[in-house]
Amino acid sequence: MQSRTSGMWWGMAVEAPDPAALARFYAELTGWPLVHEEPGTSILATRPDGSNYIVFQQATGYEPPTWPPAKGSQRPMMHFDFQVGDLDQATTEAESLGATLSTHQPQPHVRVLFDPAGHPFCLVRDDADE
């Protein structure tokens with residue numbers, strides 16, 4: 001966007017039944033710092049200058065998305081992709097933090113997992129074109 005100037009923040013919001021717990025999960029998974037917490041809202045900075053962020057916000061009546069998508073169910077509308085060097089190690093690490101491995105895996109170089117709130121995210125091996 002041409003109207004963006006230095007110091008402006010950009011990001012996305014993720015709904016969750018427990019935003020503080022979900023923010024801590026992603027902080028542990030990514031190493032991104034938790035930069036703000038208040039009741040119903042927790043924020044991770046994805047850049048050192050804090051200009052990009054992910055806000056986790058309280059969602060009353062939250063329904064986790066269904067993966068793979070199924071007719072009549074809440075479908076995923078966005079998901080995170082994280083490139084990793086060792087897919088098995090990264091999967092084990094994510095599971096130790098509270099992620100759950102999906103039974104449906106669409107590609108051999110990708111692992112689909114669910115975060116503690118049920119959002120799918122992908123770990124992608126960095127040598128996918130080998």
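Quick caveat, the model's predicted, so the values are computed rather than measured.
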>> Tell me which pairs pass ring-ring contact (aromatic ring centres under 6.0 Å, His included) where either residue lies in residues 35-55, with sequence neighbours left out.
In response: W9-Y53
> Do the side chain of T66 and the main chain of S73 share a donor and acceptor less than 3.5 angstrom apart?
Replying inline: no
> What distance do E15 atom CD and T60 atom OG1 have between them, rounded to the nearest 0.5 Å?
Replying inline: 9.0 Å
> Does the pair V14 and L22 meet the rule for a side chain to side chain contact (heavy atoms under 4.5 Å, CB included), with working shown?
Replying inline: CA-CA 9 Å; V14 177; L22 193 58; 4.2 Å; yes
> Distance from L44 atom CG to N52 atom CG, nearest 0.5 Å?
Replying inline: 12.5 Å
>> Could you walk me through whether I43 and L34 satisfy the side chain to side chain contact (heavy atoms under 4.5 Å, CB included) test, starting with their C-alpha distance in whole Å, then the side-chain angles of each, then the deciding distance to 0.1 Å, before giving a yes or no?
In response: CA-CA 6 Å; I43 300 173; L34 186 59; 5.8 Å; no
> Is the side chain of Q105 donor-acceptor paired with the backbone N or O of S102 at a distance under 3.5 Å, no angle test?
Replying inline: yes
> Quick one: does F114's side chain get under 4.5 Å of L101's, heavy atoms only?
Replying inline: no
> Does anything in residues 92-121 pair up under salt bridge (charged side-chain N to carboxylate O under 4.0 Å, His left out), and if so which pairs, sequence neighbours excluded?
Replying inline: none
> Could you walk me through whether V112 and F121 pass the side chain to side chain contact (heavy atoms under 4.5 Å, CB included) check?
Replying inline: CA-CA 6 Å; V112 179; F121 68 94; over 6 Å; no
>> Would you say the ring centers of H119 and Y62 fall short of 6.0 Å from each other?
In response: yes
> For D49, which residues count as a side chain to side chain donor-acceptor pair (under 3.5 Å) partner, sequence neighbours excluded?
Replying inline: R47, S51
> Sub-3.5 Å donor-acceptor pair from the side chain of Q58 to the main-chain atoms of P17, do we have one?
Replying inline: yes
> L123 and V110: side chain to side chain contact (heavy atoms under 4.5 Å, CB included), yes or no, with the steps?
Replying inline: CA-CA 6 Å; L123 301 176; V110 175; over 6 Å; no
> CD/Q107 to CZ/R125 distance, rounded to the nearest 0.5 angstrom?
Replying inline: 10.5 Å
> Heavy atoms, side chains only, cut-off 4.5 Å: are L113 and T100 in contact?
Replying inline: no
> Which of parallel (below 30°), tilted (30 to 60°) and perpendicular (above 60°) describes Y26 and F82?
Replying inline: tilted
> Do V35 and V55 share a hydrophobic cluster (ILVMFWY, side-chain heavy atoms under 4.5 Å, transitive)?
Replying inline: yes
